[in-house]
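First the structure, in the form of structure tokens, and then the observations on it.
Letters go in sequence order (proteins before strands), and every chain restarts at 1.
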Number of protein chains: 2
Amino acid sequence: MDPSESLESLFYPGTIAVIGASRKKGKIGNQVLRNLVYGGYECAIYPVNPKAEEILGLKSYPSVLDVPGMVDLAVIVVPARIVPHVLRECSQKGVRGVVIISSGFGEIGRTDLEDEVKRIAREGGMRIIGPNTVGIINTSIFMNASFVSTMPIPGEIAFITQSGALGEALIHWTAQEGLGLSKVASLGNKVDVDDADLIRYFLNEESVNVIVLYIESIRKGRKFMEAAKEVSKVKPIVAVKAGKSKAGQRATSSHTGSLAGEDRIYDAAFRQSGVIRANDTTELFDMAVALAQQPPAKGNRVAIVTNGGGAGVIAADICEENGIEVPGFRDELLERLRGLLPEIASPRNPVDILGDADYKRYRDTLDTVAGSDAVDGIIALHVQTALVDPVEIAEAIVEVDKAWGKPVVTGWIGGEGLREARHLLMEKKVPQYPSPKRACTAMKALIRQGELHGQ
Amino acid sequence: MDPSESLESLFYPGTIAVIGASRKKGKIGNQVLRNLVYGGYECAIYPVNPKAEEILGLKSYPSVLDVPGMVDLAVIVVPARIVPHVLRECSQKGVRGVVIISSGFGEIGRTDLEDEVKRIAREGGMRIIGPNTVGIINTSIFMNASFVSTMPIPGEIAFITQSGALGEALIHWTAQEGLGLSKVASLGNKVDVDDADLIRYFLNEESVNVIVLYIESIRKGRKFMEAAKEVSKVKPIVAVKAGKSKAGQRATSSHTGSLAGEDRIYDAAFRQSGVIRANDTTELFDMAVALAQQPPAKGNRVAIVTNGGGAGVIAADICEENGIEVPGFRDELLERLRGLLPEIASPRNPVDILGDADYKRYRDTLDTVAGSDAVDGIIALHVQTALVDPVEIAEAIVEVDKAWGKPVVTGWIGGEGLREARHLLMEKKVPQYPSPKRACTAMKALIRQGELHGQ
């Protein structure tokens, strides 16, 4: 069997048992069951708790062995010392995938318990995520097998995190930002399934277009690089590797119990395996959205089009700082733009099409620069003014997007008045950001993907 | 008379005439009147329009000369060619302050009209903002003498912008972000009042604690530096000067009609005059909030306290990149922290107090690090988890803030569940940001202010 196929029971189980399900609200064993029941997962869910008859309206079983029929996935929430026992029962039952949320293993020095878990899993042919994990989520089947109370918005991004707490917080954040996720996996102590396994698994998972990683340390470097190299050609991979600084490395080594490697080694490893590196979690997801929605850029020359001169200048500065070229246009292109624009507009790049720029002026300008062979990508900016309805600007951008096979990202400065325009872009899969800076970062990722993998 | 006193008629007029007020919704002359009437300004407002009897329920006058009694401030919205005429009438009427919103002057080559405006204003002893300005706002008296449809939230920041469109968009943005502004001035073509005049005026304006500038070019360098040097000692000044890059300079020179100076000259000028430089508009306001609410730092050594290890590591990386030291703690401090924290917490800096950290653990840890003489400032981070109510964490931070005379900034990762906690901090004037990165940038400004001006 293809090893990645065996992860199917984790992400697409037909039946799930929650071992350690609790009646008490606020307990993790209650939250996990609640998330499965109310998240929209439609297959069978079996609470396992010897002291309960029924939890959240579902019949409870004393042991997983008492559950009628097959159990594909077991989510374990019992105290650490009991985990080996229930895991043996899972093995006996023929469970294929296990998520061990329980903590109290290697992270507090109980490597003995962790080794026992590993042994039982191997003997039983079970795939394990955890222990000490927040859980996993698959929005394709509305399965929230975690204790994160927010169900992410369905989307195209797979999110793999080595930090449970940060992962949880980022899931809440993505929901608030309107960012869609396809799969989430909090790795915990990684007794079995690790980043590399998941990266390979997501290669063949249709719902996933981009993979994002929050990494603190990589133990099996070669395995990671081989998987990343193969997959990143097909599906972009973006990673934050925290711990660049001295203070950060001091913290990382204590936090995960493994020594953080020198940052430049990670840098080289990412480059060699085609992984794009982000500097923080906002960049991580900003880049991921762009990579999910736009083609990579064939080069690093961008055109900036803006109705606010200042926003264009800021974007040009940020581009240049990030190695993105904002080339001056040749005379021919300048002439064509001058033909379209009012006299006091500036056709030079950044192209300032003035505060009263409407649908037509945006549309014509964007079409003209997108058609130029001197331009590899477009950053369209809009500052909210009283003069124009931003929705018509969004419509102009949507129409130009996809027409030229070149990546388009957008940056918006303003308030509530931009909401509808930004929603339209989200729906039409044109990346939109609340500042020129974040739009530039997104373009950087599209250029980087092109450099690493061609188009 | 102190020249800055003469600006009083612009920001605290007892009566305002809107010359060119319009009945037609969507016209700028209507929007300006609407903003004054519905913004909450409580003194007399006189629409001036020879073709109207009444606008928005107010009696309209054929000319400013027909208005009964004094007019302190005139807001002019008539076509450029008529501006000299109405300005002469203003002069005759004894108007002291004029905001010329009308465009069509130097920015399209009509320097002749602009010179005429300048001459009339000087002869009449009137102070002019504009022409080609979005207008001015003073939230202290709920006066929105601009065509920006959003009334800013009252606050402590004065915002001076050389770009009208960007300024307008940023006003909308601040309102959405819950950021308070005291005064706003869009400078336009600066025939009279410029950045330096306003900086000096805000020195004695009690409602202003921090001044932020969006600058494209400075014409009178010495005047600006003298004003900034004097004022920044008392009230921090933060500036974005766009146009660092080649492409940016190309755009700036076309956009404002003046050559952008070499970036390093601006950099030196800001440093010498005590102005903190921000890289983009988000940084500009993030820094301003911190400077308005927290004391400058006496040095560059910060303690990072977090309930999510990963967030702490990211913050440490960003600090080090920005020249902020995250020192390892001495044994004595480590011992004290170990006494407060669970065994698997990490007392080293960044201090990881674990996902289940509650009010008491945050409170004790923050108090301990804030009391150390090895720490000049504190970055408190929180990642949203299911385990703790973030409001109690905010309460702990509020109690520690102000107690030690050291600056505190906070970063939050999560979603809707953080709303109440973040509101509490806003209310209690502890800066809060939606990412570790933005919190670090804010701390950088507090350190910079300390370096430039001492504490």
Side-chain angles (χ1 to χ4, degrees), chain A residues 31 107-108 147-150 163-166 168-170 172-173 175-176 214 216 240 242-248 250-252 254-255 280-282 307-314 316-320 326 328 344 346 348-350 352 355 383-386 413-417 435-437, chain B residues 31 107-108 147-150 163-166 168-170 172-173 175-176 214 216 240 242-248 250-252 254-255 280-282 307-314 316-320 326 328 344 346 348-350 352 355 383-386 413-417 435-437:
Chain A
Q31 189 65 48
E107 81 281 7
I108 59 158
F147 61 83
V148 180
S149 56
T150 297
S163 165
L166 186 60
E168 182 182 359
L170 285 170
H172 295 304
W173 179 78
Q176 185 180 263
Y214 174 77
E216 290 188 343
V240 166
K244 289 185 180 190
S245 60
K246 259 181 290 177
R250 200 164 58 219
T252 312
S254 88
H255 181 214
D280 68 6
T281 54
T282 308
N307 70 330
V313 180
I314 288 174
D317 287 357
I318 296 167
C319 281
E320 203 168 291
V326 185
I344 63 162
S346 170
R348 294 183 285 183
N349 194 11
D352 178 3
V383 301
Q384 184 183 351
T385 72
I413 299 183
E416 283 296 322
S435 73
K437 184 170 190 171
Chain B
Q31 189 65 48
E107 82 280 7
I108 59 157
F147 61 83
V148 180
S149 56
T150 297
S163 166
L166 186 60
E168 182 182 358
L170 285 170
H172 296 305
W173 179 77
Q176 185 181 263
Y214 175 77
E216 289 188 345
V240 166
K244 288 184 182 190
S245 59
K246 259 181 291 176
R250 199 164 59 217
T252 311
S254 89
H255 181 213
D280 68 7
T281 54
T282 309
N307 71 330
V313 179
I314 288 173
D317 287 357
I318 295 166
C319 281
E320 204 168 290
V326 184
I344 63 163
S346 169
R348 294 183 286 183
N349 194 12
D352 178 2
V383 301
Q384 184 183 350
T385 72
I413 298 182
E416 283 297 321
S435 72
K437 184 170 192 172

| How long is the span from the CG atom in B:Asp280 to the NZ atom in A:Lys437, to the nearest 0.5 Å? |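 Going from CG on B:Asp280 over to NZ on A:Lys437, the span is 4.5 Å.
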Which heavy-atom pair separates [X] from [Y] by the least distance, and what is that distance?
| X | Y | answer |
| --- | --- | --- |
| B:Ala165 | A:Gly308 | CB-CA, 4.3 Å |
| B:Ile344 | A:Glu107 | CG2-O, 3.9 Å |
| A:Glu416 | B:Gln176 | N-OE1, 3.2 Å |
| A:Gly248 | B:Val313 | O-CG1, 3.7 Å |

| message | The criterion is side-chain contact (heavy atoms from CB on, under 4.5 Å); which residues satisfy it with B:Ser149, sequence neighbours excluded? | response |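 Testing B:Ser149 for side-chain contact (heavy atoms from CB on, under 4.5 Å), a comparison that skips the adjacent residues, returns B:Gln31, B:His172.
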| message | So for B:Ala386, is it side chain, backbone, both, or neither that comes closer than 4.5 Å to the heavy atoms of chain A? | response |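 Both the backbone and the side chain of B:Ala386 come within 4.5 Å of chain A.
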| Contact class of A:Ala311 relative to chain B, heavy atoms under 4.5 angstrom |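 Contact with chain B: backbone and side chain both.
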Is the side chain of [X] donor-acceptor paired with the backbone N or O of [Y] at a distance under 3.5 Å, no angle test?
| X | Y | answer |
| --- | --- | --- |
| A:Gln384 | B:Ala169 | no |
| A:Glu320 | B:Lys246 | yes |
| B:Asp317 | A:Ser245 | yes |

Name the member of [options] that forms the most heavy-atom pairs with chain B at distances under 4.5 Å.
| options | value |
| --- | --- |
| A:Gly328, A:Gly417, A:Gly164 | A:Gly328 |
| A:Val326, A:Ile413, A:Leu166 | A:Ile413 |
| A:Pro350, A:Gly355, A:Ser435, A:Cys319 | A:Pro350 |

| task | Go through B:Ala316, B:Gly312, B:Gly414, B:Ala175 and name the one with the most non-hydrogen pairs under 4.5 angstrom from chain A. | result |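 Answer, by heavy-atom pair count under 4.5 Å with chain A: B:Gly414.
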| request: State, yes or no, whether a side-chain contact exists between A:Tyr214 and B:Ile314 at a heavy-atom distance under 4.5 Å. | output: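 Yes, side chains in contact.
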